[in-house]
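Letters go in sequence order (proteins before strands), and every chain restarts at 1.
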Protein chains: 2
Amino acid sequence: MTNTAPDQRSDGLHYIDMRDRVAGRIASGELKPTDKLPSERQLQEEMGLARGTVREGLFQLEAEGLIYRRDRSGWYVSPPPVVYDPTRWEGFISYVEAQGRVPATETMSAETIVADPLLAEVFGRRAGAPLYMIRRRRHVDGRAVLVEQIVVDAALTPDLLRFSFDQSLTEILKSAYGLSVARNVVSMQPCALTGYEAEVLGAKSGLPGLAVQRTSYDAQGRVVEFDREHWRHDAVRISVDTRVR
Amino acid sequence: MTNTAPDQRSDGLHYIDMRDRVAGRIASGELKPTDKLPSERQLQEEMGLARGTVREGLFQLEAEGLIYRRDRSGWYVSPPPVVYDPTRWEGFISYVEAQGRVPATETMSAETIVADPLLAEVFGRRAGAPLYMIRRRRHVDGRAVLVEQIVVDAALTPDLLRFSFDQSLTEILKSAYGLSVARNVVSMQPCALTGYEAEVLGAKSGLPGLAVQRTSYDAQGRVVEFDREHWRHDAVRISVDTRVR
DNA sequence: CCTTCCATCTGGTATGGACCAGTCACGCCC
DNA sequence: GGGCGTGACTGGTCCATACCAGATGGAAGG
């Protein structure tokens, strides 16, 4: 392996060529965000390849975040990702709008649950303590990009379920319960979207994603929110700005 | 955790079944980290599937980070990821060791370059200003997990190239030049490893990865380090702990 | 005008065959 | 004992084909 720098030449691999040709059309602006690509069978003929080879190239572009698919509908050019700073939570709606995009939120469920051992530890409660769990799906420009599951301590937020969660939860916690966030512990891991997450995002099982887990504390060190989010990998860029301790 | 969520009907999809059967062997401990899986042709026969179907299942497990491949050698069970806080840079070696793993660093190249427009802007210099660029590959327990490209300002670090970079660069900057980091701006994005990055990590083009870009400033606001890292997606979990501003 | 239904288009799954290109362990040779 | 070559093994690429199931849009019917 060369110790010198990057840049490879046409490997002669058909699916790499195919990938680069389509990537070229996107880079040149011939194909624009949300545009639909030709069908796999059209590309197959156009490039003189087997369909499997065409699909291999498409998978590469999908992994790079350049294109995405809508099940049994077609392949589309990905819009640019939104920038997200999980440590500065101003609310999904406001920061998506600040980037000139159109956000939308859908509450999938909101219910009372009891703490299992893991959640009990997170909240510093006994197993069996009452908690609220809210599941939401969030969209940017009409595309579902993330699904989240938020857990809050029922003892701190009595009767929370009377609110609508299609708006900012942070706002509700602050104005109705006087809870505000002083510290966030965030952990992130690239993952594959499978099962429930893939299904509600309309993605094929195995699509690359990003799992974000956020624990928010108030000034007294109480856990205000415990949040797990699953993002489509091509929909987000994480940005964090911190002072070193 | 309480995955009260829907789902869990065996779809009857062969590659999902195959995936789950192998995942079961890993979960049960029958297959342990770094263990080699049976060959694709063995699995094919064992499960009565076509090889393409077996591979589809393996790709899913790879996307989930459960297994990885060594080119033309075989599929192996992934070791657990290392936890990495890009905002608290103590150095790769020390935090990997702190997690009971064995780190290693390899310097691929170290050279003087001139600032292109992008780098010039980052460093607040004119295009053409002299900079040092260092490329390194880093390993955990013998497996290459990330490749990084560090750029530093030659004006702040005269004659930097006389050092060996198989040790901590942060340490060199501090002890030899009195530079220490007061602020980090980090941005992360799931990506696909392709071309140069895939090659030096011994990965197939298209493997999911995580791109991390870090700009480090000293107390005077000067750029000390500009770093781009590409991680194997299954090798790392990002963790950030911050106070809200 | 709206709803319903159906033909068609699209991607999703699965098979099986072929050949290529590194890897790796074994055994030969020096 | 150590270096080298070789051949079996393993994943990587590519092909052709078939059928399934959801998406879609237009035609038919209310």
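Mapping A/Trp75 and B/Ser73 onto DNA chain C via the closest heavy atom, the residue that lands nearer the 5' end is A/Trp75. Comparing A/Glu56 and A/Tyr76 by the nucleotide of DNA chain D whose heavy atom lies nearest to each, the residue mapping closer to the 5' end is A/Glu56.
Residues passing the salt bridge (charged side-chain N to carboxylate O under 4.0 Å, His left out) test with B/Arg55, sequence neighbours excluded: B/Glu40. Listed by chain and residue number, B/Asp166, B/Gln167 satisfy the side-chain contact (heavy atoms from CB on, under 4.5 Å) test with B/Ser164 (two or more places apart in sequence, or in another chain). For the salt bridge (charged side-chain N to carboxylate O under 4.0 Å, His left out) test, residues two or more places apart in sequence or in another chain that qualify with B/Arg25 are B/Glu46. With sequence neighbours left out, B/Phe59 forms a ring-ring contact (aromatic ring centres under 6.0 Å, His included) with no residue at all. With sequence neighbours excluded, the residues satisfying side-chain contact (heavy atoms from CB on, under 4.5 Å) with B/His139 are B/Ala104, B/Glu106, B/Arg137, B/Ala144. Qualifying side-chain contact (heavy atoms from CB on, under 4.5 Å) partners for A/Ser109, counting only residues two or more places apart in sequence or in other chains: A/Glu111, A/Arg135. Under the salt bridge (charged side-chain N to carboxylate O under 4.0 Å, His left out) criterion, A/Asp141 pairs with A/Arg101, sequence neighbours left out.
Side-chain contact check for A/Thr194 versus A/Ser205: some heavy-atom pair is nearer than 4.5 Å. For the pair A/Leu37 and A/Val22, the minimum side-chain heavy-atom distance is below 4.5 Å. A 4.5 Å side-chain heavy-atom check between B/Ile238 and B/Val186 finds every atom pair outside the cut-off.
For A/Arg237, the CZ atom sits in a loose shell: 12 or fewer heavy atoms of surrounding residues, nucleotides or ligands are nearer than 6.0 Å.
A/Arg55 comes within 4.0 angstrom of a base, heavy atoms only.
Boundaries of the chain B contact region on DNA chain C are C/dT13 to C/dC24, first to last in 5' to 3' order (nucleotide atom under 4.0 Å from a heavy atom). From the 5' end on, the contacts that DNA chain D makes with chain A at under 4.0 Å to a non-hydrogen atom open and close at D/dT13 to D/dT24.
The salt bridge (charged side-chain N to carboxylate O under 4.0 Å, His left out) contacts involving residues 66-78 of chain A comprise A/Glu62-A/Arg69, where partners must be two or more places apart or lie in separate chains.
Near DNA chain D, meaning a heavy atom under 4.0 Å away, the residues from residues 44-52 of chain B are B/Arg51. DNA chain C is contacted by B/Arg41 of residues 34-43 of chain B, taking any non-hydrogen atom closer than 4.0 Å.
Classification of the B/Tyr84-B/Tyr95 ring pair by plane angle, with boundaries at 30° and 60°, yields parallel.
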